Amino acid sequence: MSIQEFLIPLLAASVIAGTPILYAALGELITERAGIINLGVEGIMLVGAVSGFMMAVTSGNPWYGLLASMLAGGALALIHAFLTITLRANQVVSGLALTIFGTGLSGYLGKEYIGIPVPKPFEVIPLGPLGDIPFIGPILFQHDALVYISYILVVAIWYFMFHTRPGLNLRALGENPAAMDALGLNVFYLRYIYVVVGGALGGIGGAYLSLAYAPSWLENMTAGRGWIAVALVIFALWNPWRALMGAYLFGGIDALGFRLQVLGIQMSPFFLKMLPYLFTVLILVFVVARQKGRLTAPGALGLSYDREER
Amino acid sequence: MNFKRRSAIFITLLVSLLLVISGCGAKTPTAAPAPADAGKEKIKVAFVYVGPVGDAGWSYAHDQGRKYLIEKMPQVETTIIESVPEGADSERVITQLAEKGNKIIFTTSFGYMDPTINVAKKYPDVTFMHNSGYKTADNVGTYFGRMYQARYLTGIVAGKTTKTNTIGYVAAMPIPEVIRGINAFTQGVRSVNPQAKVKVVWTNTWYDPAAEKDAAKSLLTNGADVIAQHQDTPGPMQAAEEAGKYGIGYNMDMSKMAPKAVLTSAVWNWGPYYVKTVESVINKTWKNDQYWGAMSEGLVDIAPYGPMVTDDTKKLVADAKDKIISGKWDVFSGPVKDQSGAVKVPEGQVMSDKDMLSFNWFVEGVDGTIPK
C-alpha cells in the first residue's frame, strides 16, 4: 500500500470525525469569548442530535432537522444564560447540570425513535472540480454539506471576531464587561445572544452525528464528544483556526488507531483515548511557560457580571 | 451582594432536579390482567439494566424478553430500572427492588455479580438471577447464552458471500466473550471458505456509533467486503451499506438500519427463558443453576436473511444449525488450530465450557492480535 493510499482515507476520516467536535467547539468558543463558560455542551449536543433526528424523520428533510437541532440547542443554552447571566449562578455548576439534564431529556424524547432509519440523511456531495484536485480533493471536498458549511463558518467566525466592530465588542465582553457597560453596550443582552448562538452550534454538532455521521438515534450517542469540544477550545486558545486544526487532530486520533490496526500495528486504545486531553494539558503548560503565567483565556471568563459590584 | 443566597437557592433547585431525573428511571409497565387469569396469583418480577432500554442492543434485547414474559404470563407484574451503574449503586437499587416485594429479580450485567450475592443474603425468600456471571448462592442462579453458536452460523453466510476473501470484524473489548465470538465466526467462515481471513479491529467501545462506523470504514478501504461486529450500535452496518458492501449485525435484527447490506444478524432471544424461569419459581422447581443456554433452547439464533443471501448458503446454514442443535457436534469440536497452526483441540475432543469461558487466543484464519 502506498503512502497516499494510507493517508487520503485517514485524513478524510479525520475531517468527518472532527466535524461534530468542530461545531460544538466553535459554539463553546463564542460562548467563552463572551465570558461565559458552558460545560453543558455534551447535553446540548445530545438534545440537538435527538431533536434534529426527530424532525428529519417526521418531515423527511434533513435541513428541517438541522434547524430543529439549532433551536433545541439554543433553547437549552438559554436556560444556562438565564441561570448564569440573570441569576448569576455558578457557571460550572449550571453547565454540569445542563449536561445531566440534556442527557436525560434526549433519552426521554427519543424513546420512540430508536432503531429507525432517517429517510434522507445528509449525503456526500463531491464539490465538482474542487473534489477532483489530487490529494486535497478527496480529503476536503468529497463530504456532505455540513462539512462544507463548517469551513465557511470557521472563516466567518474568524473574520467576525478579529475584523469587525461587533467582534471586537464580543472579545471585550469576555475581557472586561464593566468597561463595555460603561461604553453603553448592553452586557446582559449581548451575553444572552452569544450563549444562545453557541448552544445552537452545539446542537448542530449533535445533529451531525445523528443525521450525517452515523444516521440514527441512540441514547448517549455523542459518547463524550462534548467534553472533547470543551478541551478543544482551551487547546485552540480561543481561536477558530486553531479549533479547526485541533478538531481534525482530535478526530483523527481514533481514525489513525483503527488504520494502524488494519496494518497490524497495535497501539493501546487507552493511550489514544487519552491523547486529546494530554495535548490540551501540554498546550496549556507551553503557553503558560512562554507568557510567564499569563494565559490567553478571556479575562472575565467564568465570572458573573454584577453592575452593583465594585 | 446576595450571591450566596442565590447560589443556595440554585443548588437546592439543582438537587431537586437531579432527584426528579434519577426518579424517572423507574417505571412499572404492567400488563392488564386477562379475564381468564383472574384467579391466578400475581407475582412481581424486576429487571435491572445496565444501559437505557433505548440502547438498541444489550438492554433492549433483555427488555424484549421482558415484554415476551408479560405477554405470555399476564399474572406477572414487572418493574424495570434502567441505566444502573455497576458496583455499589446497583446494590442499593437491588435492595430496593427486594424491599418492594419483587419475588424474582434479574440483574442483567456482569458487574452486578457481587451486589446481587450481597443482597440475596438478606432476602432468602427472593430468587435472584444474575446474567453473565459465575457466582451462585442458595437463592442466586446465573444465566447466559451460547452466542458463539449463532456467530458460527453467521460466519458461514459471510464466508459464502465474500469475494475478496477478506472479512472485517469490528471487535469491542478484548475479553473472552468477544474473542470467543470472533473465533466462532471465523470457524464458520473457514468451514465453507478456507481461503478467507477475518481481519480484526478493536474499538474498545460497546457504544459509540460514530467511532465504530469509522473502524468499519478502515476495514472496508483495506479490502474487506463483509463486516461483522460486536458492539451495540448499527454504525458498522451503516459503513458497509454506504460502501456498497455487506454486513452481519448483532444483538437484534439490524436490517432496518442498513437494508442493502445486512445479510443476517446474530440475535438474543431471552423471552422463552424468562417465562421458563418464572414458571419454575412459581412451581417451586427452580434450582440455583449456572445456565448457559444453547441454540437448541432458542436463546440465541440468527435473524431473517436479507434478499441477497442465496438458497445454497441458506441450506449450508440450516445443515450446520441442525448439527449444533442435535448436540453431537459443537463449534469448537476438534481439530481447532490457533493462529500459528498449532492444534489446540485435537480431533475427537470438544473444548470444555471452562476453556471457552476463558478464551485468550485466536483460531487459525483470524488476522489480528489481542491487546494485552
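All values derive from a computational prediction rather than experimental measurement. Side chains included, hydrogens not; waters and symmetry mates left out as well; all remaining heavy atoms used. Proteins get letters first, then strands, A, B, ... in listed order; numbering begins at 1 in each.
- Highest contact tally toward chain A, considering only B:Gly368, B:Pro209, B:Ala239, is held by B:Pro209 [criterion: heavy-atom pairs under 4.5 Å].
- Scored by the side chain to side chain donor-acceptor pair (under 3.5 Å) test, B:Tyr246 finds no partners at all (sequence neighbours excluded).
- Annotation for A:Met221 and B:Asp208: closest pair O-OD1, 4.4 Å, computed over non-hydrogen atoms.
- Of residues 43-53 of chain A, not one residue has a non-hydrogen atom less than 4.5 Å from any non-hydrogen atom of chain B.
- Heavy-atom pairs under 4.5 Å with chain B were tallied for A:Leu209, A:Leu10, A:Ile116, A:Leu105; the largest tally goes to A:Ile116.
- Heavy atoms of B:Thr203 lying under 4.5 Å from chain A belong to its backbone as well as its side chain.
- Options B:Ala211, B:Gly235, B:Ala224 differ in how many heavy-atom pairs under 4.5 Å they form with chain A, and the most are formed by B:Ala211.
- The contact between A:Ala212 and chain B is made entirely by backbone atoms, counting heavy-atom distances below 4.5 Å.
- Taking both residues in full, the closest heavy atoms of B:Ala210 and A:Arg225 are given as CB-NH2, 3.4 Å, listed atom of the first, atom of the second, then distance.
- If you measure heavy-atom distances from B:Lys256 to chain A, the contacts under 4.5 Å come from both the backbone and the side chain.
- Among residues two or more places apart in sequence or in another chain, the ring pair (Phe, Tyr, Trp, His ring centres under 6.0 Å) test is passed with B:Phe359 by B:Phe332, B:Trp361.
- Taking 4.5 Å as the limit, some side-chain heavy atom of B:Lys213 sits within range of a side-chain heavy atom of A:Pro215.
- Heavy-atom contacts from other residues, nucleotides or ligands closer than 6.0 Å to CZ of A:Phe271 number 12 or fewer.
- Ranked by heavy-atom pairs under 4.5 Å with chain A, the first of B:Ala215, B:Pro371, B:Gly168 is B:Ala215.
- No side-chain donor-acceptor contact under 3.5 Å links B:Tyr60 to the backbone of A:Ile114.
- Heavy atoms from other residues, nucleotides or ligands lying under 6.0 Å from OH of A:Tyr108 number 12 at most.
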Atom pairs and distances, donor-acceptor, side-chain atoms in residues 247-260 of chain A, under 3.5 Å, two or more places apart:
{"residue": "A:Arg259", "atom": "NH1", "partner": "A:Ala255", "partner atom": "O", "Å": "3.1"}
{"residue": "A:Arg259", "atom": "NH2", "partner": "B:Asp214", "partner atom": "OD1", "Å": "3.3"}

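- Closest non-hydrogen pair, A:Gln261 versus B:Trp202, comes out as OE1-N, 2.5 Å.
- B:Met257 and A:Ser216 get closest at one heavy-atom pair: CE-CB, 3.3 Å.
- In this structure, B:Asn204 and A:Phe270 approach most closely via the heavy-atom pair ND2-CZ, 3.4 Å.
- Heavy atoms of B:Val170 lying under 4.5 Å from chain A are absent altogether.
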